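Remember, predicted model here, so these are calculated numbers, not experimental data.
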Amino acid sequence: MRFRIILLFLAITFVSFGQKFRFNSGVGTSLISWHEQQMTLDFAAEISFQNPEKNRKTFIALKTMGNLTGTAIDRQTYTFIEPPMNNFNQPIQPNEVLQASYRGGEAEAGLMWNTNKRKKNVHLTPLLSFYSRSLARKISSLRSEYIEEEKYSLHGISGGMGLVIPGKTTFQIQAQVFEPLYEEVTLYGRYVGVPFQSLVSNKHLNFKAKIQVVKGKFGWTLNLETLNLGGAENPKSKSIKASQAIIPSTLLTYFF
């Protein structure tokens, strides 16, 4: 109840200062090229507000991703922790098929400048935001036996620049650089015991780019993201090597 009262108070405050809200939601797909290639189904939402007399807007955007089907993994390149030998825990056979399933999400909150809708000429839109990204890979057998999972969480600052071409159909091109200030990798597992968490020290820059077409209340977006994920050393368990995930995606959006 207290949370709802705060939201109502914020809404009244924004309206009293002449703020204009806009909400949009979308559905799309991604092709995650990480250790394997896998399609996901994506859902996204964004709320933005802008004073009509100002030339900037504030926005909050969320996106979640989940795998559509599992993908067979290459047993020659994948190693897992061997289970303890007892009558209740038999080892996984060398020829047993294992599959990976991916999931992830992102959250972004920031400011975009030069966004007044009265602008009719081609213009640039600088962007600065706080950005969080998660990506996880779960390994299981075809017998539905959970084996292990690694999950990355990245939080930091993102900056970029967009080019807007207004008209009856609006075109926007945007590029961003993401600097993770905090990056953590967590290894879960049937044979790992307690989850192993480790901060990643060798953090790298990550990149995002998108092309968006908006006509009326509908928009179509093509995204491309490169995630450079650091590794983690664990002498008592399994070490995780640094890796790169390339994620092209599309999104069909409706603007309310």
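The local environment of CG in Asn202 is crowded, with over 12 non-hydrogen atoms from other residues, nucleotides or ligands closer than 6.0 Å. Atom NZ of Lys151 has 12 or fewer heavy atoms from other residues, nucleotides or ligands within 6.0 Å. The number of heavy atoms from other shown groups lying within 6.0 Å of CZ (Arg56) does not exceed 12. Within a 6.0 Å sphere centred on NZ of Lys138, heavy atoms belonging to other residues, nucleotides or ligands number 12 at most.
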Show me, pair by pair, the donor-acceptor contacts under 3.5 angstrom made by side chains of residues 216-225, not counting sequence neighbours?
{"from": "Thr221", "atom 1": "OG1", "to": "Gln212", "atom 2": "NE2", "distance (Å)": "3.2"}
{"from": "Glu225", "atom 1": "OE1", "to": "Arg133", "atom 2": "NE", "distance (Å)": "3.1"}
{"from": "Glu225", "atom 1": "OE1", "to": "Arg133", "atom 2": "NH2", "distance (Å)": "3.1"}
{"from": "Glu225", "atom 1": "OE2", "to": "Tyr131", "atom 2": "OH", "distance (Å)": "3.2"}
{"from": "Glu225", "atom 1": "OE2", "to": "Arg133", "atom 2": "NE", "distance (Å)": "3.2"}

Report, one line per pair, each donor and acceptor closer than 3.5 Å where one atom sits in a side chain of residues 31-40; sequence neighbours left out.
{"from": "Ser33", "atom 1": "OG", "to": "Gln37", "atom 2": "NE2", "distance (Å)": "3.3"}
{"from": "Trp34", "atom 1": "NE1", "to": "Ser243", "atom 2": "OG", "distance (Å)": "2.9"}
{"from": "Glu36", "atom 1": "OE1", "to": "Tyr102", "atom 2": "OH", "distance (Å)": "2.6"}
{"from": "Glu36", "atom 1": "OE1", "to": "Arg137", "atom 2": "NE", "distance (Å)": "3.2"}
{"from": "Glu36", "atom 1": "OE2", "to": "Arg137", "atom 2": "NH2", "distance (Å)": "2.5"}
{"from": "Gln38", "atom 1": "OE1", "to": "Tyr102", "atom 2": "N", "distance (Å)": "2.8"}
{"from": "Gln38", "atom 1": "NE2", "to": "Thr71", "atom 2": "OG1", "distance (Å)": "3.0"}
{"from": "Gln38", "atom 1": "NE2", "to": "Ala100", "atom 2": "O", "distance (Å)": "2.8"}
{"from": "Thr40", "atom 1": "OG1", "to": "Asp42", "atom 2": "OD1", "distance (Å)": "2.9"}

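Taken to the nearest 0.5 Å, the CD atom of Glu149 stands 9.0 Å off from the CG atom of Leu187. Distance check: Ser30 OG to Ile246 CD1 gives 13.5 Å after rounding to the nearest 0.5 Å. Atoms CG and OG, from Leu62 and Ser25 in turn, are 12.0 Å apart once rounded to the nearest 0.5 Å. To the nearest 0.5 angstrom, Ile139 atom CD1 is 4.5 Å from Ile73 atom CD1. With rounding to the nearest 0.5 angstrom, the CG atom of Leu227 is 6.5 Å from the CG atom of Leu154. Rounding to the nearest 0.5 angstrom, the gap separating the CG atom in Leu251 from the CG atom in Asn24 is 8.5 Å.
Residues satisfying the side chain to side chain donor-acceptor pair (under 3.5 Å) test with Thr115, not counting sequence neighbours, are Gln50. Applying the side chain to side chain donor-acceptor pair (under 3.5 Å) rule to Ser132 yields the partners His155; only residues at least two apart in sequence or on another chain are considered. Not counting sequence neighbours, the partners of Glu108 by the side chain to side chain donor-acceptor pair (under 3.5 Å) test are Ser129, Gln176. Applying the salt bridge (Lys or Arg N to Asp or Glu O under 4.0 Å) rule to Glu183 yields no partners; only residues at least two apart in sequence or on another chain are considered. Lys54 meets the side chain to side chain donor-acceptor pair (under 3.5 Å) test with no other residue; sequence neighbours excluded.
When side chains are defined from C-beta on, Phe255 counts as touching Arg22, because their heavy atoms get closer than 4.5 Å.
Between Asn116 and Asn55, the side chains place no donor N or O within less than 3.5 Å of an acceptor N or O (distance only, hydrogens not considered).
Residue pairs meeting the salt bridge (Lys or Arg N to Asp or Glu O under 4.0 Å) criterion with at least one member in residues 112-123, sequence neighbours excluded, do not occur.
Cluster partners of Phe59 are Met112, Leu127, counting Ile, Leu, Val, Met, Phe, Trp and Tyr whose side-chain heavy atoms approach within less than 4.5 Å, directly or via other members. Hydrophobic cluster membership of Leu124, counting Ile, Leu, Val, Met, Phe, Trp and Tyr whose side-chain heavy atoms lie under 4.5 Å apart directly or via other members: Val122, Met161, Leu163, Ile165, Phe171, Val213. Grouped with Leu181 in one hydrophobic cluster are Leu111, Trp113, Leu128, Phe130, Ile157, the linkage being side-chain heavy-atom contacts under 4.5 Å among Ile, Leu, Val, Met, Phe, Trp and Tyr residues. Applying the 4.5 Å side-chain rule to ILVMFWY residues, one finds Leu205, Phe207 in the same cluster as Val177.
Across all non-hydrogen atoms, the minimal contact from Glu96 to Arg75 is O-NH1, 2.6 Å. The two residues Pro166 and His123 come nearest to each other via the heavy atoms CG-CE1, 4.2 Å.
For Phe21 and Phe23, the ring centers are positioned 6.0 Å apart or more.
With hydrophobic clusters built from ILVMFWY side chains whose heavy atoms lie under 4.5 angstrom apart, Phe256 does not share a cluster with Leu252.
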